[in-house]
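Proteins get letters first, then strands, A, B, ... in listed order; numbering begins at 1 in each. Just so it is clear, the structure is predicted and the values come from calculations on it, not from any experiment.
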Protein chains: 2
Amino acid sequence: MTAETTTTSTHAPAQFSGVAKLDQQLCFALYSASGLMTRLYRPLLDPLGLTYPQYLAMLALWERSPSTVGELGEALGLDSATLTPLLKRLEAGGLVTRRRDPADERRVLVEPTAKGQALREQARSVPAAMLCNLPLDVDELKYLHHTLTRFVSGLRKADPGTASPS
Amino acid sequence: MTAETTTTSTHAPAQFSGVAKLDQQLCFALYSASGLMTRLYRPLLDPLGLTYPQYLAMLALWERSPSTVGELGEALGLDSATLTPLLKRLEAGGLVTRRRDPADERRVLVEPTAKGQALREQARSVPAAMLCNLPLDVDELKYLHHTLTRFVSGLRKADPGTASPS
DNA sequence: TCCAGTTAAATCGTGCACGATTATTTAGTA
DNA sequence: TACTAAATAATCGTGCACGATTTAACTGGA
């Protein structure tokens, strides 16, 4: 890409006024994009009776079940304080079951019900519909995904709060 | 347990794997990046007594004050249901004042107090500190910002909520 | 056997976010 | 003037998110 005045190969204080604003704008753009994306999912997920985080949980469970709460938390980057009530709502909606693992009573195994599995079929049309809404072309989306993935994996290492297992 | 099919690994076949999965991965990356970014701000903003949305509101007010609740909502992409309690917390912390506009009693004018202005000096070190934490180099951050900005402006047009499947 | 230490989930308190509704004020019009 | 319509915040209900704490269950030794 056209690199404009990239004389700051390192974190040079001289360019702070210019570069320092970048993080504000970038982080705000990230924050805004995430919120708008969630809002764009809503009309697609409302007919399924799911919120976006619930949809993410179901996606994870459709891929791998039964899963423990901890495994779901690892996959989604959420902790039990968020997941427990979310999963209870999915259970109340008849989409998943929650039961203690007989082999280790500390764990809770979560699994889609038949209704939860059936929902997967309804949900198949969501990605394509969502893709049509995204305002960039496929190449840009791919590059954006690639960059964000590097961003996320980089941030996970820098986050002291997230334990790094093994 | 009757686990006849211990691993129902129906990983997406080729029909889906190409483009349709991209939006899932991209939106999830966006969602994760936003959450991680907010978490990364926390240790920087805690000493200031601000959350990230509160920091955004103060940034907007430092740029332009007094602002109405509506103007702040426009700038941040939030509505009064979110902003009113947030601004009340800032007011309770002595950082802003809220008063009805005498010229139009429907509006509420929000303005930093002296304490709120003083906080701006403390906050000056935040962007540089944040920038050091971001795991990409400046060129990538610039491209990411540029792409996300186009993404956000594109989404804003597609948002209005009138689900007209015509 | 007992007991620390660890792990897993649930719980508590605070705060953000949105859809929908309500109350008040302002503007427009017969 | 009176009466409708639009604008502006505030409020209500539901749900997500996280730090901190609590409870229960497993683990590995003395």
Considering non-hydrogen atoms only, spot the tightest contact between B/N133 and B/L40 and give its length. CB-CD2, 3.4 Å

To the nearest angstrom, how far is B/E71 atom CD from D/dA9 atom C1'? 14 Å

What is the distance, rounded to the nearest whole Å, between atom CG of A/L86 and atom C1' of C/dA9? 15 Å

Do any side-chain nitrogens or oxygens of B/Y31 fall under 4.0 Å of OP1 or OP2 in D/dA17? yes

Which class fits the ring pair B/Y41 and B/Y55: parallel under 30°, tilted 30 to 60°, perpendicular over 60°? tilted

Between B/T147 and B/L144, is there a donor-acceptor pair closer than 3.5 Å when you use the side chain of the first and the backbone of the second? no

Relative to the 5' end of DNA chain C, which residue comes earlier, A/T68 or A/G35, by the nucleotide with the nearest heavy atom? A/T68

Contacts under 3.5 Å, N or O only, protein and nucleotides 10-12 of chain C:
from, atom 1, to, atom 2, distance (Å)
C/dA10, OP1, A/R98, NH2, 2.4
C/dA10, OP2, A/T84, OG1, 2.4
C/dA10, N7, A/S80, OG, 2.8
C/dT11, OP2, A/K88, NZ, 2.7

Taking C-beta and beyond as the side chain, do B/T51 and B/T38 meet within less than 4.5 Å on heavy atoms? no

Base, sugar-phosphate or nothing for A/T38? Non-hydrogen atoms, less than 4.0 Å. nothing

Please check: side-chain N/O of B/K88 versus main-chain N/O of B/R98, any donor-acceptor pairing under 3.5 Å? no

My understanding is that only residues two or more places apart in sequence, or in another chain, count here; which of them pass side chain to side chain donor-acceptor pair (under 3.5 Å) with B/E105? none

Counting side-chain heavy atoms from C-beta on, which of C/dC18, D/dC18, D/dG15 comes nearest to B/D79? C/dC18

Of C/dA17, C/dA8, D/dA9, the nucleotide closest to the side chain of A/R107 is C/dA8

Rounded interatomic separation in angstrom, taking CD from A/E74 and C1' from C/dA9: 16 Å

Phosphate contact (D/dC18 OP1 or OP2) by B/R42 side-chain N/O below 4.0 Å: no

Could you tell me which residues satisfy salt bridge (Lys or Arg N to Asp or Glu O under 4.0 Å) with A/R64, sequence neighbours excluded, listed by chain and number? A/E71

Rounded distance (Å) that lies between atom C1' of C/dG15 and atom CZ of B/R39: 15 Å

Qualifying salt bridge (charged side-chain N to carboxylate O under 4.0 Å, His left out) pairs with a residue from residues 43-63 of chain B, counting only residues at least two apart or across chains: A/K21-B/E63

By salt bridge (Lys or Arg N to Asp or Glu O under 4.0 Å), B/R106 pairs with (sequence neighbours left out) B/D104

Whole-Å distance between D/dA7 P and B/D101 CG? 17 Å

Close N/O contacts between protein and nucleotides 21-25 of chain C (under 3.5 Å):
none

Spacing of B/D46 atom CG relative to D/dA20 atom P, expressed in whole Å: 9 Å

